[in-house]
Amino acid sequence: MKKEIADKAKKRRLAREKSERANRRLWSMVCAVLISYITVYFGAYHYKNYVVMNRKLREIKTEHTMKTARIKELREEALRLQDPEYLKAIARRELYLMDTKEVPIRITPDVTKEPSAPMESEEPAKQNRQH
């Protein structure tokens with residue numbers, strides 16, 4: 001009787017251990033899946049942020065390069081604007097100003113003459129258009 005009780009107790013203990021092992025495996029798998037999901041979810045989120053931030057960084061760098069080039073051009077222009085000869089050239093070209101020693105000459109078309117006759121090469125072109 002004692003041996004039967006001991007055998008039954010041993011069988012129960014083995015069944016319990018087997019059940020506990022199965023539960024441990026199940027919980028281990030659940031935890032592994034959960035950790036994997038969390039890792040992938042947050043990894044993808046951070047990767048997406050990384051891509052967006054990297055794109056913004058490239059845009060800012062190109063904008064910075066363009067603005068730096070523009071600043072360089074403006075500094076060069078400021079240096080040129082301090083040169084009196086350069087200012088005279090701009091005044092003549094854009095404002096049509098003249099030096100006091102220069103004499104203005106205005107060329108106007110002669111209105112008294114009749115317009116010239118069309119050239120021979122233009123006449124066949126007009127005839128082709130009429131047909």
Side-chain angles (χ1 to χ4, degrees):
M1 178 97 159
K2 283 188 178 186
K3 190 172 183 179
E4 288 177 14
I5 294 175
D7 285 339
K8 285 183 180 179
K10 189 176 180 181
K11 284 180 182 176
R12 274 185 270 152
R13 191 177 73 239
L14 289 174
R16 193 175 339 122
E17 287 175 2
K18 196 175 189 182
S19 174
E20 287 175 0
R21 265 189 255 134
N23 284 342
R24 261 191 241 128
R25 281 187 191 147
L26 178 65
W27 279 109
S28 296
M29 290 187 63
V30 167
C31 288
V33 168
L34 184 63
I35 289 171
S36 298
Y37 175 76
I38 289 171
T39 303
V40 168
Y41 177 77
F42 285 111
Y45 176 74
H46 289 296
Y47 179 73
K48 187 170 107 178
N49 281 344
Y50 168 76
V51 169
V52 169
M53 292 298 202
N54 200 12
R55 187 180 317 127
K56 285 182 182 179
L57 180 65
R58 274 188 271 125
E59 290 172 1
I60 290 171
K61 281 183 178 180
T62 55
E63 184 179 341
H64 178 264
T65 304
M66 291 181 353
K67 286 186 178 183
T68 303
R70 179 70 177 140
I71 288 171
K72 184 179 177 183
E73 291 172 6
L74 290 174
R75 284 185 179 153
E76 291 171 357
E77 181 72 17
L79 287 175
R80 283 194 302 263
L81 287 173
Q82 292 175 359
D83 181 22
E85 294 300 318
Y86 181 72
L87 290 175
K88 284 181 186 178
I90 289 178
R92 286 181 185 187
R93 184 177 63 239
E94 294 179 7
L95 302 175
Y96 304 107
L97 297 178
M98 294 185 294
D99 197 8
T100 54
K101 301 173 193 169
E102 294 177 351
V103 177
I105 298 175
R106 183 173 292 172
I107 300 174
T108 57
D110 191 8
V111 217
T112 58
K113 285 188 177 180
E114 291 293 320
S116 63
M119 296 173 62
E120 292 177 19
S121 61
E122 293 177 3
E123 289 177 12
K126 287 183 181 178
Q127 291 174 357
N128 289 339
R129 277 188 245 145
Q130 291 175 358
H131 292 300

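What you see below is based on every heavy atom in this structure, not just the backbone, and it leaves out hydrogens, waters and symmetry mates.
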Note: Leu81 and Leu87 closest approach over all heavy atoms is O-CD1, 3.3 Å

Taking every non-hydrogen atom, the tightest pair across Arg80 and Tyr86:
O-CD2, 3.3 Å

Can you name the salt bridge (charged side-chain N to carboxylate O under 4.0 Å, His left out) partners of Arg70, sequence neighbours left out?
Glu73

Partners of Glu94 by side-chain hydrogen bond (donor to acceptor under 3.5 Å, both in side chains), sequence neighbours excluded?
none

Here the gap from Leu14 atom CG to Lys11 atom NZ, rounded to the nearest 0.5 Å, amounts to 10.0 Å

Do Tyr50 and Leu57 share a hydrophobic cluster (ILVMFWY, side-chain heavy atoms under 4.5 Å, transitive)?
no

Pairwise distance CZ(Phe42) to CG(Asn49) - rounded to 0.5 angstrom
11.5 Å

With sequence neighbours left out, the residues meeting side-chain contact (heavy atoms from CB on, under 4.5 Å) with Leu79 are Gln82

Test: salt bridge (charged side-chain N to carboxylate O under 4.0 Å, His left out). Region: residues 98-108. Which pairs qualify, not counting sequence neighbours?
Arg92-Glu102

In short, salt bridge (charged side-chain N to carboxylate O under 4.0 Å, His left out) pairs touching residues 49-65 with sequence neighbours left out are Glu63-Lys67

Taking Val33 as the starting point, is it possible to reach Ile38 by hopping between hydrophobic residues whose side chains are less than 4.5 Å apart?
no

So, using side-chain contact (heavy atoms from CB on, under 4.5 Å) as the criterion, who are the partners of Arg24 when residues are at least two apart?
Glu20, Arg21

